[in-house]
Amino acid sequence: MMRIAVCPGSFDPITCGHMDIIRRAAALFDRVIVAVTVNVLKKTSFTEVERLKMTRKATQDIDNVVIDVCDRLLADYVRDVNACAIVKGLRAVTDFEIEFQMALVNRELYSGAETIFLTTGTENMYLSSSVVKHIGYFGGDISSYVPECILEDIKERIVGIYKPIN
């Protein structure tokens, strides 16, 4: 039986921290579905199509990873794709509190999948999509925070948007 895991996130944009978790999940499971989620409560900088394209480009070299969109409850999606696990990355204790609550809710909604937490490497503990966008917005160098293959895609949208008022 194939062991399938779902690695969900907004990936707005996908970062080197996300890639670390995805690669490690791919080593643990037969197939990893990276689910680009739609969160109506969250304003994204990139469209759903852009996030899908960037995530596909960034993961194209990982054979057992597929990219999909999740536009419904994660628990329903996980059940529908016959996944046995939800893989989430943790950076700090604050991540754990939020992710633990979501894991309990997902388990209540669908008991067929466990949530697996992978801790990030120390080099990515501070890294998030929000940090990347903030640095890029003010024209800072984001090249070490995102996969090289999508750097230009991100720069086109966010780098140097801020123009000081003088």
Report task. Could you check S10 against K42 for side-chain hydrogen bond (donor to acceptor under 3.5 Å, both in side chains), going step by step and ending with a plain yes or no? Result -> CA-CA 9 Å; S10 58; K42 195 174 193 179; 3.1 Å; yes

Query - Side-chain heavy-atom pair R23, I62 within 4.5 angstrom cut-off - result: yes

Query raised in the report: At what distance, to the nearest 0.5 angstrom, does CE of M2 lie from SG of C84?
Result: 11.0 Å

Report task. Tell me, yes or no, whether the heavy-atom count around D61 atom CG, taken from other residues, nucleotides or ligands under 6.0 Å, exceeds 12. Result -> yes

Query raised in the report: With distance as the sole test, does T44 use its side chain to make a donor-acceptor pair with the main-chain N or O of T47 at under 3.5 Å?
Result: no

Query - Close side-chain approach of V132 and P13, heavy atoms under 4.5 Å - result: yes

Requested in this report: Look up atom OG1 in T55 and atom CZ in R51, then write down how far apart they are to the nearest 0.5 Å.
Outcome: 8.0 Å

Report task. Salt-bridge test for R56 and D68: reply yes if a basic N is under 4.0 Å from a carboxylate O, no otherwise. Result -> no

Query - Option from I33, V32, D30 for which side-chain contact (heavy atoms from CB on, under 4.5 Å) with I4 holds - result: I33

Query raised in the report: Can you tell me how far the OG atom of S129 sits from the OH atom of Y145, to the nearest 0.5 Å?
Result: 13.5 Å

Query raised in the report: Among the clusters formed by ILVMFWY side chains lying less than 4.5 Å apart, do F11 and V78 turn up in the same one?
Result: no

Requested in this report: Please answer: with hydrophobic residues joined when any side-chain heavy atoms are less than 4.5 Å apart, are L28 and I21 in the same cluster?
Outcome: yes

Query raised in the report: In terms of hydrophobic clusters joined by side-chain contacts under 4.5 Å, are V81 and M102 together?
Result: no

Query raised in the report: Transitively linked via ILVMFWY side-chain contacts under 4.5 Å: V87 with F117?
Result: no

Query raised in the report: Is the shortest side-chain N to carboxylate O distance from D20 to R24 below 4.0 Å?
Result: yes

Query raised in the report: Going through the distances and angles, do E50 and R157 end up as a side chain to side chain contact (heavy atoms under 4.5 Å, CB included)?
Result: CA-CA 10 Å; E50 290 169 326; R157 171 62 55 84; 2.4 Å; yes

Report task. Kindly indicate whether the side chain of L109, heavy atoms from C-beta on, has any atom under 4.5 Å from the side chain of D76. Result -> no

Report summary line: Here the gap from T120 atom OG1 to Y126 atom OH, rounded to the nearest 0.5 Å, amounts to 10.0 Å

Requested in this report: May I ask you to say whether D80 pairs ionically with R72, meaning some side-chain N is under 4.0 Å from a carboxylate O?
Outcome: yes

Query raised in the report: Checking salt bridge (charged side-chain N to carboxylate O under 4.0 Å, His left out) for the pair K53/D153: CA distance, chi angles, key distance, verdict?
Result: CA-CA 10 Å; K53 283 181 181 177; D153 299 324; over 6 Å; no

Requested in this report: State plainly whether the residues D95 and K88 are in salt-bridge range, i.e. N to O under 4.0 Å.
Outcome: no

Requested in this report: Please round to the nearest 0.5 Å and tell me the distance separating atom CD1 of I116 and atom SG of C7.
Outcome: 11.5 Å

**Report entry** Same cluster (ILVMFWY, side-chain, under 4.5 Å), V36 and I150
**Finding:** yes

Query raised in the report: Between OH of Y137 and OG of S130, what distance do you get to the nearest 0.5 Å?
Result: 14.0 Å

Query - Test item: side-chain donor near acceptor, S143 and D141, under 3.5 Å - result: yes

Query raised in the report: Do T59 and M19 pass the side chain to side chain contact (heavy atoms under 4.5 Å, CB included) test, and can you show the C-alpha distance, the side-chain angles, and the key distance before you say yes or no?
Result: CA-CA 8 Å; T59 59; M19 290 301 299; 3.8 Å; yes

